[in-house]
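To start, the structure itself, in structure tokens.
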Protein chains: 2
Amino acid sequence: MSKIRSIVSVIILAGSATAVSALDVLPKKAPAPADNPTTAAKVELGRILFHDPRLSSTGTVSCASCHNTMLGGEDNRPNSMGVNGQTGGRSAPTVWNAAFNAVQFWDGRAASLEEQAAGPVTNPIEMGMKSWDDVVARLQSIKGYQKLFTRAFGVNSISKDTATKAIAAYERTLITPNSPYDKYAKGNKYALTDQQQRGLKKAIEIGCVNCHSGPAFNGAGTFRKFPLIDNAYLEKQYSLSDDKGLFEVTGKSGDENYFKVPTLRNVALTAPYFHNGSVATLEKAVKVMATVQLGIDLSDEDTADIVAFLNALTGKFPKQKMPTLPGTPGTTFN
Amino acid sequence: MSKIRSIVSVIILAGSATAVSALDVLPKKAPAPADNPTTAAKVELGRILFHDPRLSSTGTVSCASCHNTMLGGEDNRPNSMGVNGQTGGRSAPTVWNAAFNAVQFWDGRAASLEEQAAGPVTNPIEMGMKSWDDVVARLQSIKGYQKLFTRAFGVNSISKDTATKAIAAYERTLITPNSPYDKYAKGNKYALTDQQQRGLKKAIEIGCVNCHSGPAFNGAGTFRKFPLIDNAYLEKQYSLSDDKGLFEVTGKSGDENYFKVPTLRNVALTAPYFHNGSVATLEKAVKVMATVQLGIDLSDEDTADIVAFLNALTGKFPKQKMPTLPGTPGTTFN
């Protein structure tokens with residue numbers, strides 16, 4: 001937790017002095033950690049694991065069920081539906097460009113994609129597996145997985161470590177470059193409409209990008225208090241303060257209601273909004289954010305301009321091949 | 001229902017005189033009905049609709065959730081899990097090669113893929129939409145779907161009729177040719193192992209293919225009583241007689257426990273077995289079938305041979321591209 005604390009401290013100290021570069025282009029490749037260099041074999045295995053519902057107790061929920069790679073990388077629900085119809089309290093963040101988050105989960109409790117990937121599989125209301133030992137036993141019983149793991153990591157390599165590394169390697173390929181904004185940032189002044197350009201200017205002017213900074217507009221791993229400015233009406237209407245965020249991980253006073261700054265990339269495709277998915281539309285989300293984070297009562301016109309700009313952050317989704325999952329001839333887990 | 005009755009009657013009358021051609025190769029194309037010729041635009045739209053969880057009330061269940069196109073075309077569960085974790089009493093049949101079924105559903109209550117596609121969407125325990133009017137309203141509100149339907153069916157064409165036609169057109173492309181059996185049937189005597197050849201011979205000899213006849217080994221729309229031969233022990237152990245099958249549709253005495261003959265294509269990938277998914281392994285399924293349908297107590301060796309042959313019915317799954325579902329920028333249904 002000391003790492004998270006120190007990140008938070010730096011940001012709090014840095015405050016509004018944080019450098020803002022609103023015209024960063026999204027990289028086409030995500031950096032990989034030294035102990036998990038990206039390889040084609042890992043990506044292929046990860047793509048298959050990510051879409052395999054047999055990583056859940058019921059055989060009905062894959063990573064992609066809540067982080068839909070055919071859509072905006074999540075499920076467009078306030079909260080996700082895991083095994084047996086259970087739901088949790090938070091809204092699934094998008095997997096697209098998650099490789100550019102310095103920490104994962106709304107409360108930042110995972111320091112890497114690898115660490116994140118391990119969580120939902122054994123969460124009782126998400127994928128519901130009893131243990132990673134059980135997951136590994138399942139994978140080991142599938143000949144096709146034996147081959148895929150051998151190709152990616154060597155013989156007899158099926159483990160929690162390798163499975164999560166493969167999933168993370170695949171996720172590092174889920175990048176959506178070439179949004180209208182990126183084309184604009186690279187110099188094509190016609191890539192954004194006049195309204196989108198006004199929205200971009202306004203977003204910089206009022207301070208949206210102080211927190212949503214950098215090429216992924218995610219503050220590169222920063223945490224911020226949300227809501228920052230007391231507003232009893234909005235807090236009640238959207239239950240904004242019920243979830244204590246980082247505090248629920250650290251238990252330290254001062255961490256209450258701190259959340260990771262989420263990316264704004266493809267934000268138009270990830271309604272409903274906020275950690276609890278309580279706000280249905282992007283327009284409303286922009287207004288609420290302006291009020292409770294920046295103390296600004298945004299006009300309808302400015303809101304529409306910012307929403308238009310945010311729509312320009314929808315990137316090009318790479319064409320993907322549909323994986324064929326290795327079968328279990330003659331038998332099943334269920 | 002008169003159509004179903006007449007099909008059943010013909011089969012019952014024909015009895016064991018039904019011509020068996022066990023060496024039919026699976027066609028690479030499925031015939032389309034006159035009012036729904038297959039076109040690339042329909043197939044593309046159908047592929048997208050088939051994988052869109054927004055066709056369910058919760059936004060969590062697509063056609064592919066239970067008919068997994070990344071696996072054996074179903075979910076490897078005894079019964080499928082629909083919206084809010086609900087389950088029904090029957091096992092999802094495979095969508096692969098469903099185009100070669102003369103009727104759809106275990107009780108054959110749908111006369112076409114088009115008719116079948118309409119069912120689960122508004123079934124309260126499957127996809128849970130209140131009505132097709134609600135489905136159409138959702139689709140109409142998505143600009144991307146407006147374009148896709150226009151391309152496939154002309155302007156302002158979104159309807160239950162066109163949506164189910166597109167899904168059916170896509171399903172007609174889900175064919176798995178070139179199994180080892182097909183290669184053998186085409187003359188490559190080395191495509192089947194000795195054991196598989198023994199299994200094929202045995203399956204013909206004891207009468208498996210009297211019902212599981214034709215290139216899809218599905219009896220081309222025939223219904224058969226299951227279980228046919230009284231066996232209190234097995235009926236109780238696997239609840240074989242609880243579901244009355246065709247009778248639950250027609251209400252006519254004589255239809256009790258009649259079911260559509262399911263395809264044996266890719267049967268190795270579709271455990272657990274039977275209409276209620278009560279038997280976990282293919283080996284056990286073969287033994288039970290021999291006992292209650294043919295009155296044969298199959299030896300372990302013959303069972304293993306037949307299972308080996310059935311594994312030779314696993315075909316080549318066509319490479320598919322992952323669809324990108326049209327988004328709903330700035331908002332959501334959920």
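In the text below, chain A, chain B and the rest are named by the order of the sequence lines, each starting its count at 1. Just so you know, these numbers come straight off a predicted model, no measurement behind them.
For the set B:Val83, B:Thr328, B:Thr58, B:Asp75, the count of heavy-atom pairs under 4.5 angstrom toward chain A peaks at B:Thr58. Among B:Ala268, B:Gly85, B:Ala285, the residue with the largest count of heavy-atom pairs under 4.5 Å with chain A is B:Ala268. Ranked by heavy-atom pairs under 4.5 Å with chain A, the first of B:Met70, B:Lys284, B:Lys321 is B:Met70. Heavy-atom pairs under 4.5 Å with chain A were tallied for B:Ala280, B:Pro323, B:Gly277; the largest tally goes to B:Pro323.
In terms of heavy-atom proximity, B:Asn68 sits nearest to A:Leu325 at ND2-CD1, 4.2 Å. Heavy atoms only, all atoms of each residue included: A:Ala271 and B:Gly330 are closest at CB-C, 4.2 Å. Counting all heavy atoms, side chain and backbone alike, A:Thr332 lies closest to B:Asn76 at OG1-O, 2.7 Å. Here the shortest heavy-atom pairing between A:Thr69 and B:Met322 reads OG1-CE, 3.8 Å. A pairwise comparison of heavy atoms in A:Gly327 and B:Leu71 identifies CA-CD2, 4.3 Å as the closest pair.
For a residue to count as touching a neighbouring chain, one of its non-hydrogen atoms must lie under 4.5 Å from one of that chain's; by this rule B:Ser65 does not touch chain A. Of the atoms belonging to B:Thr314, not a single heavy atom falls under 4.5 Å from chain A. At a 4.5 Å heavy-atom cutoff, B:Phe333 makes no contact with chain A through either its backbone or its side chain. Heavy atoms closer than 4.5 Å to chain A are found in the side chain of B:Asn311, but not in its backbone. Residue contact with chain A, scored on non-hydrogen atoms closer than 4.5 Å, is absent for B:Lys319. Only the side chain of B:Pro53 has a heavy atom closer than 4.5 Å to any heavy atom of chain A.
Here the OG1-CZ distance, from A:Thr60 to B:Arg77, works out to 6.0 Å after rounding to the nearest 0.5 Å. To the nearest 0.5 Å, the span separating CE on A:Met81 from OG on B:Ser56 amounts to 8.5 Å.
In the displayed structure, A:Glu301 atom CD is contacted under 6.0 Å by at most 12 heavy atoms of other residues, nucleotides or ligands. Residue B:Glu283 qualifies as open at atom CD: its count of foreign heavy atoms under 6.0 Å is 12 or below.
Two residues are said to be in side-chain contact when any heavy atoms from C-beta on lie closer than 4.5 Å; B:Thr324 and A:Gln320 fail this criterion.
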